[in-house]
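Read the structure below first, then the notes.
Predicted, not measured: the structure shown is a model, and the values here were computed from it.
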Amino acid sequence: MSGFLSGFRNNGEAALSAPQLAIEQDIRFQALEQLPSNVALIDIDQLTILYVNQQAKETIDGFASRLLPVGTRLLGQPLQILYPNIEKH
């Protein structure tokens, strides 16, 4: 399997968390990679980013340097990275 979550993972990174591995191994999520819309999956308990599809990666690449320090991966980061005023929602 090519690995959906590889877009913001470096080759030498630690193993995937259990929720991330479940996403990557679930064939239903393979369709998300093909969507022309931005899709992100969030851990509802910790409000961390578990997955972003290819379209979202391409969109985020355009402004990632304003969100994260260089070399920081998006997966596992708090949702506030993408929605700084999330408490208002």
Side-chain angles (χ1 to χ4, degrees):
M1 178 170 289
S2 64
F4 307 131
L5 303 176
S6 61
F8 288 97
R9 262 195 297 169
N10 296 325
N11 290 335
E13 283 191 42
L16 296 175
S17 69
Q20 289 170 329
L21 187 58
I23 291 168
E24 189 164 305
Q25 291 179 339
D26 192 325
I27 195 166
R28 293 172 293 183
F29 287 102
Q30 291 181 12
L32 294 177
E33 276 298 292
Q34 306 305 315
L35 289 177
S37 302
N38 295 330
V39 175
L41 298 179
I42 308 303
D43 181 310
I44 194 165
D45 296 323
Q46 298 179 7
L47 291 180
T48 55
I49 301 167
L50 293 176
Y51 164 81
V52 291
N53 72 344
Q54 184 61 40
Q55 181 63 43
K57 290 175 205 168
E58 292 171 11
T59 299
I60 292 168
D61 279 347
F63 58 87
S65 63
R66 290 184 255 164
L67 296 174
L68 301 165
V70 174
T72 302
R73 66 184 220 170
L74 182 63
L75 298 182
Q77 295 295 320
L79 185 57
Q80 285 88 354
I81 293 284
L82 298 176
Y83 297 98
N85 299 319
I86 194 169
E87 57 277 347
K88 292 182 180 180
H89 297 283

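Remark: I81 pairs with L67, L68, L74, Q77, P78 by the side chain to side chain contact (heavy atoms under 4.5 Å, CB included) rule, at least two apart or across chains. Residues forming a side-chain hydrogen bond (donor to acceptor under 3.5 Å, both in side chains) with D43 (at least two apart in sequence, or on another chain): none.
Counting all heavy atoms, side chain and backbone alike, Y51 lies closest to L32 at OH-CB, 3.5 Å. Listed here is the closest heavy atom pair of K57 and E33: NZ-OE1, 4.0 Å. The minimum heavy-atom distance between L79 and I42, with the atom names listed, is CD1-CD1, 3.6 Å. Of all the heavy atoms in V52 and A40, the pair that sits closest is CG1-CB, 3.9 Å.
Both F63 and Y83 are members of a single hydrophobic cluster when ILVMFWY side chains are connected at heavy-atom separations under 4.5 Å.
Interatomic distance, Q80 CD to I49 CD1, rounded to the nearest 0.5 Å: 9.0 Å. Here the CG-CD distance, from N53 to E58, works out to 9.0 Å after rounding to the nearest 0.5 Å.
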